Asks: 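The following block contains the structure, expressed as structure tokens.
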Amino acid sequence: MPANPRAALIGTGPQLLRPESTTVTETLSAVPAVVRDVYATVQARDPHEPEFQQAVHEVLESIAPVLEAHPEFVDGGIVERLVEPERQILFRVPWIDDRGRLQVSRGFRVQFSSVLGPYKGGLRFHPSVNLSIIKFLGFEQIFKNALTGQGIGGAKGGSDFDPHGRSDAEIMRFCQSFMNELYRHLGEHTDVPAGDIGVGAREIGYLFGQYRKITNRHESGMFTGKGVQWGGAEVRTEATGYGAVFFAQEMLAMRGASLEGARVAVSGSGNVAIYAIKKAWQLGATPVTASDSSGYVVDEAGIDVDLLRDIKERERSRISEYAARRPTARFVEGSRPWQVPVDIAIPSATQNELGEGDARTLIANGVRAVAEGANMPSTPGAVAAFQAADVLFGPGKAANAGGVATSALEMSQNAARQRWSFDDSETKLRAIMKAVHDAAFDAAARYGRPGDYVVGANSAGFERVAHAMLAQGVI
Ligand code: GLU
């Protein structure tokens, strides 16, 4: 039987029978029994979804004080409902490659929560994509989006299609086939996708074009990250990377410090990494690393962002090419940049790219702050190590919220048929990142965990979602 019989009344059913697990009771010891049961349900229902379980566990662990302060959230079954997506769409994506062969990829869209606004979140095209990855991203997106204060729900989607090495024509045919199914679930008031790993300006163009063709509507607000010539917002491209650096700046300011003169390690070399590097330079820091799945480069003269962009975005080559063309740089194969001594780390590649051992190396080398540009790049062990060492730690939910927040600004501009300038948009992004920081900081202090941005971000996001869910009834 469930530890708390009320859980059964809320109706998550027989899965509430808790499997033997010491981790659940040990690490979730502070949360009400009903919430431990919810986690056990997730484990039992979704045993093959480790990333989703990891994301749920982190949130549940953080919100114990919120649930204690708000028994109505427990009584209202908020957590039971939140761990189950409102809708999950899984579909076949058939397409023809350049050699005339039929390929079949898998498509996903998990619409997690629309309580605060239309479903909102990116699409990821990467061979590692499966339901666990999309659900963890969608779950995180609910709280991240709530934290921005922008009136957007949470969703995520994508495909296990690998764009790497594919021709433009193949990418276009794939995107068109993907949209042939997904279009019926989208709309400016329903669900608004954007980019993520493997989905940039080119893919968004093809996806938007096919939606327009099928529906016969130029519905600008149904996709964000569009080209600035056809409805896209200024600063959307830069927003996630810029925002992560702004977030680091806010955390440092709380300790009277700044980015001036700091050495920064950035991982990744996609959209987030490139613009984190650019903004770090602009704020007086020296970004010294970048990476891809083959290894990393360290450049003691600081990363030449134009060269990096040329290699990764224009030529779509490997990162070793950067070191080949830059005398001050060296390529380290098969490893990540965390052994390079730095003051600030901005992991901006992918989930679980920074483990506990990496965190210990960074700490031993004197790291002062970590701002996550990617979604869940630090493992739970790494997060615990940073926090135990009193390193400022900004979780992705807060630190990378600038991307989706600027997507919401794009939606506003589309709805009003307006175009805001780059400077004006960057000023708005800057203000939003400060508000996100302050909301997380204040919530952490309110719930007795000052300086803990994980507890702060999860609690502040969760509170907003939970109040709205209570107000809107059991749906
Ligand atoms: N994929 C981005 C994220 O993880 C952006 C989502 C969006 O703009 O909708 O937040």
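Note that ligands are numbered from 1 as they come in the structure, with each ligand's atoms numbered from 1 the same way. Computed over heavy atoms, backbone and side chain alike; hydrogens, waters and symmetry mates excluded. Just so you know, these numbers come straight off a predicted model, no measurement behind them. Residue indices begin at 1 and follow the sequence shown.
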Asks: With a 4.5 Å cut-off on side-chain heavy atoms, are Val79 and Ile63 touching?
Replies: yes
Asks: Return yes or no for this condition: an N or O of Gly195 is under 3.5 Å from an N or O of ligand 1.
Replies: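 Between Gly195 and ligand 1, an N or O pair is found under 3.5 Å apart.
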Asks: Counting only heavy atoms, which portion of Arg236 has something under 4.0 Å from ligand 1: side chain, backbone, both, or neither?
Replies: side chain
Asks: Could you label the plane-to-plane angle of the Phe247 and Tyr453 rings as parallel, tilted or perpendicular, counting under 30° as parallel and over 60° as perpendicular?
Replies: perpendicular
Asks: Does Lys144 have a heavy atom less than 4.0 Å from any atom of ligand 1?
Replies: yes
Asks: Report the relative orientation of the aromatic rings in Phe246 and Tyr242; use parallel for angles under 30°, tilted for 30 to 60°, perpendicular for over 60°.
Replies: perpendicular
Asks: Nearest protein heavy atom to atom 9 (O) of ligand 1, by residue and atom, and its distance?
Replies: Lys120 NZ, 2.7 Å
Asks: May I ask you to list the atoms of ligand 1 that are less than 4.0 angstrom from any heavy atom of Asp196?
Replies: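 Listed by number with element: 1 (N), 2 (C), 4 (O).
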Asks: Would you call the rings of Phe91 and Phe178 parallel, tilted or perpendicular, where under 30° means parallel and over 60° means perpendicular?
Replies: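 Geometry flag for Phe178 against Phe91: tilted rings.
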Asks: Using the ring of each side chain (for Trp, its six-membered ring), is Phe393 parallel, tilted or perpendicular to Phe386, with breaks at 30° and 60°?
Replies: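 The arrangement is parallel - the two ring planes meet at less than 30°.
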Asks: Quick one: CG on Leu123 to CZ on Phe161, what's the gap to the nearest 0.5 Å?
Replies: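 Going from CG on Leu123 over to CZ on Phe161, the span is 13.0 Å.
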Asks: For atom 8 (O) of ligand 1, which protein heavy atom lies nearest, and how many Å away is it?
Replies: Ser407 OG, 2.6 Å
Asks: With a heavy-atom distance limit of 4.0 Å, tell me whether Gln141 approaches ligand 1 through its side chain, its backbone, both, or neither.
Replies: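 Side chain only.
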Asks: If you measure from each non-hydrogen atom of Thr240 to ligand 1, which part falls under 4.0 Å: side chain, backbone, both or neither?
Replies: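 The answer is neither; Thr240 stays 4.0 Å or more away.
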Asks: Any N/O of Lys156 closer than 3.5 Å to an N/O of ligand 1?
Replies: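 It does: an N or O of Lys156 is found under 3.5 Å from an N or O of ligand 1.
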Asks: Taking the basic N atoms (NZ, or NE/NH1/NH2) and the acidic carboxylate oxygens, is any pair closer than 4.0 Å for Glu313 and Arg309?
Replies: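 Salt bridge between Glu313 and Arg309, a charged N being under 4.0 Å from a carboxylate O: yes.
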Asks: Among all the protein's non-hydrogen atoms, which is closest to atom 6 (C) of ligand 1, and how far away is it?
Replies: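 Result for atom 6 (C) of ligand 1: Gly122 N, 3.5 Å.
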Asks: For Ala401 and ligand 1, answer yes if some heavy atom of the residue is under 4.0 Å from a ligand atom, otherwise no.
Replies: no
